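Data block below; observations after.
Bear in mind that the values here come from a model prediction, so they are computed numbers and not experimental data. Letters go in sequence order (proteins before strands), and every chain restarts at 1.
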Amino acid sequence: MSICLTAESLTVAREKNGMRFTLHVPHLDVRLGQTLAIFGPSGCGKSTLLDILALVLRPTSAETFCFQGSKSCKNLLVLNQYSLAEVRGHDIGYVLQSGGLLPFLSVLDNILLPARLVGMRMEETRKRAYDLCDKLDISAQLDKKPQHLSGGQRQRVAIARALIHRPVLVLADEPTAAVDSSTAEDICAVFTSMANDYGVAMVIVSHDQPLMSRYADRTVGFDLKRLAVNDIHSTLQAAR
Amino acid sequence: MAKLFNVPRNMIRLAIADIIYEWRMSVCLLLSVAAIATPLLLFFGLKAGAIETLRHRLLQDPVNLEIMPRVDRKLDKEWFDVWRQDPRVAFVVAHTRKLSAQAELLRPGNPDIRRVNLHPSAFGDLLLKMYGIVPPKNDELVLAYPVAERLGVAAGDKVVMRVSRERGNSKGEHEFTVSAVLPAQATALQNVYLPLEQLEFFENFKDGYAVPEFGWPGITPIAYASYKSLLIFLPRRLAADREALLLQNTGFATLKLLSQQQAQAILPWHQSEDAAYLLQTAGGGASMDNLKAVRERLRGYDAVLVPLGSDLRLQMSGKSFKLLPAAAWGAQFPELQLGDAGSLKDFDNPEADLQPLALINPEDRRGMETLPHGMVLVRITIQNGDSEQFLDYRLHMATSTAVPQGTLLMPQFLLGRLNLLEQRPLLTDEHGALLLAKRGYSSFRMYASSLEQVAPLAKALEADGVFVDTRADRIAMVQRLDHYLGLLFWLIALASMAGGLACLLSNIYASIERKRRELAVLRLLGVPGIALVIFPLVESATLTLAGLALSIAIFHVLGQVINHMANDLLLPGEHLCRLTIEQHGLALLLGLSMSTAAGLAAARRLLSIDPAESLRDE
């Protein structure tokens, strides 16, 4: 399996409201075609790690933090804001907790948006969108606005949007948090099948360890230590 | 290149999609803009319409552009040339004395006679042009409406102009064709317009001169002799009391006893040891009567009088000659052996200018071009202050070796008449006789090029010594009204614009706050922060322009209603409430500026959105 993202000895230190939080990632690799589930209790640093992987937060320090994109391998530590935004736009897809869909666009326009922003050819992209929608069973919803969809449908639309511009990495932040258990099972199944079908690396952050363990190819958790009343230290475990 | 515009293009699409999606909010904002802009547009439209109507009315009446001379003053051709070139002047034509510009107008077969004021017209006459009337040609008249109405004449009719002098003892009549009649609103005065050249005939006739063009009798304005000084040779010097007598009522101001050298410098051939005096005038010339007065005082003294001109010179074939009299009055110069140069009587003949003669040294005569009948074309020049007067003249040129080279001798009476050139312009008739030419004009008709130029033009004329009357007060009143209404408008406009800006800003800002998560998602999808600025800018501009479009539409409807209501006060083509295309453009420009300011202020908030935090908020 090819590795699309590698982090070695990565640390993020944050301080908020007098609380110090340190996240340490000794080693992490994200592989194409696999689903990596990151879980842990609230406040363990899941979202912080996701911010780092989403390239919207810079690590405080790291030995290695590389991204193997569609075109070349990039050392993320040296890229500026604009280059990071370009990597985000071209090579990463996002599925947010409640979908993160734009309410003023139709389902189809929401799905096509990332491709439009990177300037992909619309004819091919539309075909890919219809193909994705068929596989995700949302073809009948294309003209609707997101708020007229169910939670599960919104997440499927978000998955389609995350895959439309052929990214190498898809990040999903608590994608099952806002849906019932049966829909959550469906969504997890979709994630794993999409990772296999499209050869994409899927990283799912969730607090639902049992669910994730059933569907993810690999899982990873956190060791949480409270060094002081206002000093929490969290370390990412090795992936299993 | 296409990819470079991907993000901006898609941001515009997203902004428009959002406006449509949130149409209720959009309509509210659009109505807010219209609610602020419509009263402003109406106020500005009323101000612009009312002022423009007043201005148009002022402009429509050429009297408001007219510059009227308060008193008559001699104005020469150069004066008119200078003012004609002035960009503040739309039209100027010379005018005769007001008293001479009156005549009687009658229609053949109609007993009614109108006393009319004559005015000159010429190409470009603003008054006639405003009413689409072509300036009259020779023997044509344009009549003011009251004149035409009273006489019952219309364009194409024949009328007779009658002018009299010497208390009606001498009369002149000439038939004219009415080429056009001015409409009633042009003037209520009994005015008649005719070419300047023909108006001058009326003045000439009243001055006593004949007008051969109209067959009117009178005198011919023959030029008279005028001398600058008088050289007197006497066998002995005069007693002091006799010398003083030469200055009493003789027209001369100074008497100077000359040495022989000084006398010879004036008359090079003069070798006499007689006493020589030089009598000089103060400024104007000495006439024949003045010379006679001097001669009377010197009766029995065996005096020889030589009247002299100013610095008269004659230009011929590129050479310049000094002009001197060929004979003294009543005596010839014995030293000057003129020999066979012709009858010397010709040189002592008061009518000599009718047969213009001159004597020249044969050496100077050589190579000169001769016209038919043995005449030579010369130019007489005289220095008058800073300017030089000249007259092109034809002379019979006889030769004599007695004439010093560089000098031309001519009859003293001809010399005196040519010397008149120092005081006034001269011309010659077909026989070569010297006539008095018109000195200049007493008055003028002038129109300023615009209302704004009336006051500056009047000021400039007064600085030039020509005092004038204008309607500048009326113009200034409208300009002041425009100024104060303009100030008032901008005060209200500024307050409204501040309110409008606050309204726009709060709405756009609130909209951005509501969409913070969606916009953060866009950043996550790779849209650079700076590109997000497009979103509020497009929303703000679109809604402002739509609001302005709505308010312009409302303005036009209400403007029509206002104009309809004020119909009684307005003339055809006038509006009480109106905005020009440029003013529409200005309103849109101001609206766009406001929307940009509001959009940019909201965009500042956008730039502060941290995509990481927004992601976490999800």
When rounded to the nearest 0.5 angstrom, what distance separates CG in Asp18(B) from CG in Leu102(A)? 9.0 Å
Heavy-atom pair with the smallest gap, counting every atom of Leu14(B) and Phe104(A): O-CE1, 3.6 Å
Nearest heavy atoms of Tyr94(A) and Leu524(B), plus distance in Å: CE1-O, 3.2 Å
Going by the rule salt bridge (charged side-chain N to carboxylate O under 4.0 Å, His left out), which residues pair with Arg514(B) if we only count those two or more places apart in sequence or in a different chain? Glu22(B)
Residue part contacting chain A, namely of Ile20(B), when any heavy atom lies under 4.5 Å: neither
Look at Pro114(A), Pro103(A), Gly89(A) and state which one has the largest set of heavy-atom pairs under 4.5 Å with chain B. Pro103(A)
Chain A heavy atoms under 4.5 Å from Asn10(B): which part of the residue, side chain, backbone, both or neither? side chain
Which atoms form the tightest heavy-atom contact between Leu117(A) and Val527(B), and what is the distance? CD1-CG2, 3.6 Å
Would you mind listing every side chain to side chain donor-acceptor pair (under 3.5 Å) that reaches into residues 112-127 of chain A, with sequence neighbours excluded? Asp109(A)-Arg116(A)
Sort by residue number and list every residue of residues 538-565 of chain B having at least one heavy atom under 4.5 Å from chain A. none
Could I get the full list of salt bridge (charged side-chain N to carboxylate O under 4.0 Å, His left out) partners for Arg161(A), not counting sequence neighbours? none
Quick one: closest heavy-atom pair of Leu105(A) and Ala17(B), and the distance? CD2-CB, 3.9 Å
So does Asn80(A) have more than 12 non-hydrogen atoms from other groups sitting under 6.0 Å from CG? yes
Check the surroundings of atom CD1 in Ile581(B): do more than 12 heavy atoms from other residues, nucleotides or ligands lie under 6.0 Å from it? no
Does a sphere of radius 6.0 Å around CD in Glu15(A) hold more than 12 heavy atoms from other residues, nucleotides or ligands, not counting ones at 6.0 Å or beyond? yes
Arg523(B) side chain to Ala85(A) main-chain N or O, any donor-acceptor pair under 3.5 Å? no
For Leu113(A), is it the side chain, the backbone, both or neither that has a heavy atom under 4.5 Å from a heavy atom of chain B? side chain
